[in-house]
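First up is the structure itself, then whatever we jot down about it.
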Amino acid sequence: SMTFPSGLARVACDLVKDPKLHRLMRANRLRVSFEREAIDANGPEKFDASEFVPLANVPDVVWKRSRTAGFPAGRSGRENPTHYANLDEPDANGQTLLDRLRAPADLSVGAFQDYYDDLGHKQNSERGLLPFRVWQFYDKMVEAVGDRWILEFVCAAGILAHYVGDACKVLHGSHLFDGDPSRTQQRTVRKHDGTLESIIERFGKGVHSDYEDRMINEHIDALMGGVEAAVGQQHAMPPVRGGQDAGFAVVELMRRTRNRIDPMALVEAYAGALQGDGDAPEVLWNRFGTATGDATADGCRVLAMLWESAWSEGNGQVIDDDLLDAVPAKELMALYSDQ
């Protein structure tokens with residue numbers, strides 16, 4: 001859902017308590033996100049990637065595209081693993097990555113490599129690394145504040161919203177990201193010529209797009225309205241210091257999200273809706289809508305906390321007020337387009 005990361009970023013702009021950073025993020029609200037009122041009835045899937053894209057949407061709209069001579073900003077396959085991390089698949093000893101990650105010091109490239117190696121996930125596309133993306137962007141924000149380079153700070157902060165948004169969507173932290181690979185289901189589908197065909201596929205296949213895109217898009221006003229009511233005036237989270245702590249804060253967000261919504265329960269409910277006559281996104285909303293809102297509010301707070309922590313760590317309180325303004329969209333575009 002394009003509206004989801006944008007909504008997360010928009011809400012987070014209001015949760016920052018440092019007066020200078022609050023002023024800067026409010027001034028750049030339409031750089032990091034788009035206003036919900038600006039979305040027409042056709043939905044927001046209309047971004048022209050050759051024009052400026054709100055920063056929270058850059059990873060999907062710009063970076064997931066293929067890199068071509070005509071579109072040099074694309075990263076396609078290299079971008080995809082940064083949007084998720086498989087934290088819950090048991091290894092041979094019944095241990096998951098969440099079991100292995102108990103403190104910030106446990107978050108290491110080696111820990112992830114060992115886990116994926118143990119599970120036999122050898123392709124880059126199977127080795128999700130979302131917390132390290134957050135670590136990378138956090139360090140870049142601190143560096144930008146220290147260099148007084150407001151353009152780069154805003155660019156990194158806005159794009160970070162996308163990855164924090166992914167972290168509070170439960171299927172981005174699970175090996176059940178689009179159904180249960182250990183089971184199959186039989187389903188009747190209508191072919192192009194109108195005839196019915198019985199197919200066998202992965203159990204719960206399709207849950208990813210029906211939960212994250214269809215369900216969220218169809219209920220975005222109720223979802224974000226509930227989030228805005230739930231978050232309060234400030235994020236009220238303790239700050240982190242350093243990229244490893246920032247990455248671990250997002251692991252903990254993913255852990256809390258999983259505690260709110262059991263991925264297997266989501267897959268089971270979806271598979272049941274496919275077998276019955278119910279509209280699957282409606283079934284999911286009725287059962288998981290409230291918990292999805294709670295996870296989203298949590299993500300908004302974490303995002304604001306990460307912005308604020310980086311601002312403080314980079315000593316943003318000494319930045320001149322006259323720099324705390326909207327940054328030019330063209331300059332942001334040049335920065336996020338640069339490989």
Side-chain angles (χ1 to χ4, degrees), residues 1 4-5 8 56-65 74-92 95-102 104 106-139 159-182 202 204-209 211-213 243-264 266-267 295 298-299 302-303 306:
S1 171
F4 187 87
L8 193 91
N57 297 100
V58 162
D60 271 354
V61 177
V62 181
W63 289 347
K64 276 191 173 179
R65 281 186 54 176
R75 290 122 197 258
S76 62
R78 288 185 301 139
E79 174 61 20
N80 295 354
T82 65
H83 292 239
Y84 80 95
N86 170 358
L87 301 178
D88 66 358
E89 187 174 357
D91 62 16
Q95 268 218 325
T96 67
L97 195 48
L98 281 174
D99 295 327
R100 300 186 189 195
L101 300 175
R102 285 295 167 195
D106 298 333
L107 179 62
S108 68
V109 171
F112 271 61
Q113 288 175 330
D114 289 347
Y115 173 70
Y116 287 135
D117 285 346
D118 289 349
L119 290 170
H121 297 319
K122 300 292 189 196
Q123 304 297 319
N124 285 344
S125 60
E126 302 174 307
R127 296 164 78 93
L129 50 104
L130 195 160
F132 299 100
R133 190 60 149 173
V134 172
W135 181 336
Q136 177 188 40
F137 270 78
Y138 183 87
D139 284 350
I159 292 173
L160 178 66
H162 192 96
Y163 302 107
V164 175
D166 282 343
C168 64
K169 292 194 284 196
V170 71
L171 295 175
H172 287 251
S174 178
H175 72 293
L176 305 172
F177 65 92
D178 195 27
D180 181 354
S182 71
R202 181 172 60 248
K205 183 178 190 299
V207 64
H208 197 103
S209 60
Y211 174 65
E212 290 194 1
D213 294 335
Q244 188 174 39
D245 277 1
F248 189 73
V250 164
V251 170
E252 292 298 277
L253 170 61
M254 296 172 85
R255 195 190 306 268
R256 292 192 298 273
T257 299
R258 203 179 179 288
N259 289 339
R260 288 186 164 106
I261 302 171
D262 174 24
M264 188 62 90
L266 186 65
V267 169
D298 194 353
V302 169
L303 178 60
L306 292 173

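Ring geometry, Y163 versus F137: the interplanar angle falls from 30° to 60°, so the pair is classed tilted. Using bins of under 30°, 30° to 60° and over 60° for the plane-to-plane angle, the ring pair H208/H172 lands in the tilted bin.
Rounding to the nearest 0.5 Å gives a distance of 9.5 Å between CZ of R75 and OG1 of T82. Atom OG1 of T96 and atom CG of L119 lie 10.0 Å apart (nearest 0.5 Å). Annotation: the span from K64 atom NZ to S76 atom OG amounts to 11.0 Å, rounded to 0.5 Å. Atoms CD1 and NZ, from I261 and K169 in turn, are 12.0 Å apart once rounded to the nearest 0.5 Å.
Using a 4.5 Å heavy-atom cutoff, the side chains of H83 and R133 are not in contact. At least one side-chain heavy atom of L160 sits less than 4.5 Å from a side-chain heavy atom of V134. Using a 4.5 Å cut-off on side-chain heavy atoms (C-beta onward), V302 and R256 make contact. Residues L98 and V251 have side chains in contact (heavy-atom distance under 4.5 Å, counting atoms from C-beta outward). In this structure the side chain of V250 never reaches within 4.5 angstrom of the side chain of W135, judged on heavy atoms. When side chains are defined from C-beta on, P181 counts as touching L176, because their heavy atoms get closer than 4.5 Å. The side-chain heavy atoms of T257 and M254, taken from C-beta on, include no pair separated by under 4.5 Å. Side-chain contact between D166 and Y84 is absent, with no heavy atoms from C-beta onward closer than 4.5 Å.
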**Study point:** H175/D88 under side chain to side chain donor-acceptor pair (under 3.5 Å): CA gap, chis, key distance, verdict
**Key:** CA-CA 6 Å; H175 72 293; D88 66 358; 2.7 Å; yes

**Study point:** side chain to side chain contact (heavy atoms under 4.5 Å, CB included) between D180 and M264, intermediate numbers included
**Key:** CA-CA 8 Å; D180 181 354; M264 188 62 90; 3.5 Å; yes

Exercise for review: Evaluate the side chain to side chain contact (heavy atoms under 4.5 Å, CB included) criterion for residues C168 and L8: first the C-alpha distance (whole Å), next the side-chain angles of each, then the deciding distance (0.1 Å), finally the verdict.
Suggested key: CA-CA 10 Å; C168 64; L8 193 91; 4.1 Å; yes

Practice item. Go through the steps to decide whether H162 and D60 satisfy the test side chain to side chain contact (heavy atoms under 4.5 Å, CB included), and finish with yes or no. Key: CA-CA 8 Å; H162 192 96; D60 271 354; 3.2 Å; yes

Exercise for review: Test F112 against L101 for side chain to side chain contact (heavy atoms under 4.5 Å, CB included), laying out the working first.
Suggested key: CA-CA 10 Å; F112 271 61; L101 300 175; 3.9 Å; yes

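Nearest heavy-atom pair, D178 versus V207, reported as atom, atom and distance to 0.1 Å: OD1-N, 3.1 Å. Residue L253 comes nearest to A167 through the heavy atom pair CD2-CB, 3.9 Å, listed as atom of the first residue, atom of the second, then distance. Listed here is the closest heavy atom pair of N86 and Y115: O-CE2, 3.1 Å. Of all the heavy atoms in E126 and K122, the pair that sits closest is OE1-N, 3.1 Å. Closest non-hydrogen pair, P263 versus R258, comes out as CD-CG, 3.9 Å. Residues A161 and L303 share a closest heavy-atom pair of CB-CD2, 3.5 Å.
Between D298 and R260, at least one side-chain nitrogen of the basic residue sits less than 4.0 Å from a carboxylate oxygen of the acidic one, meeting the salt-bridge criterion.
When the shell of 6.0 Å around CG of N124 is examined, it contains 12 or fewer heavy atoms from other residues, nucleotides or ligands.
Using modelled atom types, one finds no donor on one side chain facing an acceptor on the other under 3.5 Å when comparing R127 with Y116.
The backbone N or O of P104 lies less than 3.5 Å from a partner atom in the side chain of Q244, making a donor-acceptor pair.
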